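Written out below as structure tokens is the structure these notes cover.
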2 protein chains.
Amino acid sequence: MLTERQLLILKAIVDDYITNAEPVGSRSVSKRDEVSYSPATIRNEMSDLEELGFLEKPHSSAGRIPSQKGYRYYVDHLLSPTKLTKGEVSDIESVLDHRFNEFEQLIKQSAKVLSSLTSYTSIVLGPEVFESTLRQIQLIPISSSQAVVIIVTDTGHVESQTVQFPGDLEGAELEKVVNILNDRLRGVPLARLQDKLSVEISTLLKQYVNQYESMLKMLGEVFQTHQNEKVFYGGKTNILAQPEFNNVERVRNILNIFEEDTLVSKLFRSEGNGLTIKIGEENRFEPFDDCTIITATYSLDGNHMGTVGILGPTRMEYPRVISIMDYLSKDMTKILTAWHQKNS
Amino acid sequence: MLTERQLLILKAIVDDYITNAEPVGSRSVSKRDEVSYSPATIRNEMSDLEELGFLEKPHSSAGRIPSQKGYRYYVDHLLSPTKLTKGEVSDIESVLDHRFNEFEQLIKQSAKVLSSLTSYTSIVLGPEVFESTLRQIQLIPISSSQAVVIIVTDTGHVESQTVQFPGDLEGAELEKVVNILNDRLRGVPLARLQDKLSVEISTLLKQYVNQYESMLKMLGEVFQTHQNEKVFYGGKTNILAQPEFNNVERVRNILNIFEEDTLVSKLFRSEGNGLTIKIGEENRFEPFDDCTIITATYSLDGNHMGTVGILGPTRMEYPRVISIMDYLSKDMTKILTAWHQKNS
DNA sequence: TTTAGCACTCGCAGATCGAGAGTGCTAACA
DNA sequence: TGTTAGCACTCTCGATCTGCGAGTGCTAAA
């Protein structure tokens, strides 16, 4: 167990390092208002804290920096959340209050505010489409051989896709198909559309439609090639401004990750509900060994919908970022709920 | 006028510098097969070429590097286009031959091949929507207060947009509206939809539709908020691998540009038809002062449609990149034309 | 238990230096 | 007269050294 004094010093060191990005020595800890011990005393304590694994020395005559364990302890026990300033609150609210037609606009906006407020990189994951269910499906021929399929989910997400399409299908038949699909598939989770298609729908189609084979094939493709949940970024290059990332090679590794949305959505998908903080190697992903990822979830009617995330250095402004994310994710939930009620 | 020998030497220097990224000295020029002069002779010529502005010295005892004027001369007069290797040709063809349903898939793929073949960053601009005309418009209610508007252009581009929608519009009326719109707007350039709407359509709607006011407002918004031409990237971080970009600050400047699609599409839109090469300051954009941008256009039925572009250092593998871009843009045009014929 | 004092460590920035690459000039050569 | 060998000179780069400053850890005194 750490003594009161050790806690005080650990907190002081983390706070200092977070703002200055430089190893902090005993003298500068001692000079802080909340600390009333001499440098020598601090040194002893620091030495102990190092032995316990909370601090590290870059080299023998530099100050100490928090270790991963140190950050973890800080986050779990020491950190005092900041109250958001009026400016921050109004930044968030004004951006989110903006009237929007599409779900995605809200998410894009959120990514933008989040990155501009924190000056880290923000990642916002759209709803996990596979968990949402189908509300409506439409089929619109746009040429003799092409059609647009539109799928609307219960969460209000709209997806359109152009497909090859049996040209000689006449209007009445087409309507029939659409009716069958809507009839049978409403409420079915997107992930299960495939199954339903091959089991129920195929026999039905056979009865009513001439071109049912190519139709089936087409539908099969549509249901298969669902987009993954979309990923939105804010301030992709913000992270380059952090002093710990002044190495082009490392930067490149990280930016490359951003190019693969599936990987990103795996890395940032939050498991639990609420706020999650992963520090350094806790991310279990080497390029992020000295990054911290904070995620929060937003939801609709109590159902987990998506994740907002922040990527920054382990030396992150935890108190502020946490407060912001907490506020933002709750606000998103609120607005989403209101929006959904209005549009269902 | 430059002498034969000066041309030979200039070409040798540019070629060498392009591949090695290091100032080239008289000795290494002299050692080349096509050059049969002693280093001393070369030195004299190099000195002259420098005086004429084709070469530069990083410092007095380094070799020479091509100046912007040197590259320009090289590109205009000296460069011998390489023949693409079988591998390159088949890379391009196999990627583009891939069956695709949506226009954008072709463009995305093109961006990808281009960047992977050149190892620079590729930028491909989609069709300039404002120049294309409307082929079909559809309106699908998806809830009591929302609808999806789908616009198909003559180039086969499909665009969907969710909008607020007068809920109490009944089926028959809706159909009427859609018919009017299609009737009156087919063949109209997207840029002119607004005008048409306020002039012709509004009076027509007034006759047939109860909710014509909110309907008009909604349509007005749809026609206004057209997406700009889309921008697709390939190998965004490729440029970081170039030795001239090992400075995080500069890299950040360039990557930031990529975050603003409108800016990018302005910078990369090609004016003329065919291949354009802009070297360094010719780009008239400071962050690109030591970059070269090569653009080529692809077209449909002879109409300029979009642009493929490459961003790399001024020290670019001109011969190879030019050949690749030429081939790719022509292939895109070919495939696009075939695709369009099939689907119109 | 806390603190002052002090020797010690180590990285960093600046200075110095030699090696290597390349130039420019001069003088000899074909 | 054009070409080339020779050579002194310039400049960068990396290695080595040095003093400084920041910071530590230990000891002994308060």
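If you're wondering where the values come from, they're calculated on a predicted model, not measured in any experiment. Numbered from 1 within each chain, the chains take letters A, B, ... in sequence-line order.
- In this structure, B/Asp289 CG and B/Gln68 CD are separated by 8.0 Å, a value rounded to the nearest 0.5 Å.
- Straight-line distance from the CZ atom of A/Arg5 to the C1' atom of C/dT2: 8 Å, rounded to whole Å.
- The CD atom of B/Glu51 sits 16 Å away from the P atom of C/dT23 (whole-angstrom rounding).
- Interatomic distance, NZ of A/Lys330 versus CE of A/Met325, reported as 11.5 Å (0.5 Å rounding).
- Separating the CD atom of B/Gln6 from the P atom of D/dT3 is a distance of 11 Å, rounded to the nearest angstrom.
- Residues from residues 52-70 of chain A placing a heavy atom under 4.0 Å of any atom in DNA chain D, listed by number, are A/Lys57, A/Ser60, A/Ser61, A/Ala62, A/Gly63, A/Arg64.
- Rounded to whole Å, the distance from CG on A/Asn44 to P on D/dC26 is 9 Å.
- Residue B/Ser38 has no polar side-chain atom (N or O) positioned under 4.0 Å from OP1 or OP2 of D/dT3.
- For the pair B/Lys31 NZ and D/dT4 C1', the computed distance is 17 Å after rounding to whole Å.
- For A/Arg43, no side-chain nitrogen or oxygen approaches OP1 or OP2 of C/dT2 to under 4.0 Å.
- Looking only at distances, no side-chain donor or acceptor of A/Glu260 sits under 3.5 Å from a matching main-chain atom of A/Ile257.
- Judged by distance alone, the side chain of A/Ser30 and the main-chain N or O of A/Ser26 form no donor-acceptor pair under 3.5 Å.
- To the nearest angstrom, C1' of C/dC25 lies 16 Å from CE of B/Met46.
- Among the nucleotides D/dT4, C/dG24, C/dT3, the one closest to any side-chain atom of B/Ala40 is D/dT4.
- Ring geometry for B/Tyr233 against B/Phe258 counts as tilted: the plane angle lies between 30° and 60°, on a 0 to 90° scale.
- Within residues 11-27 of chain B, the residues approaching DNA chain C are B/Gly25, B/Ser26, by heavy-atom distance under 4.0 Å.
- One atom, CD of B/Glu45, and another, P of C/dC25, lie 15 Å apart when rounded to the nearest Å.
- Side chain to side chain, A/Ser38 and A/Thr41 meet the donor-acceptor criterion of an N or O pair below 3.5 Å.
- Distance A/Ile42 CD1 to C/dT2 P: 11 Å, rounded to the nearest Å.
- With ring centers used as reference points, A/Phe285 lies under 6.0 Å from A/Phe288.
- Atom CD in A/Glu50 sits 8.0 Å away from atom CD in A/Glu56 (nearest 0.5 Å).
- In this structure, the side chain of A/Tyr318 engages the main chain of A/Thr314 through a donor-acceptor pair within 3.5 Å.
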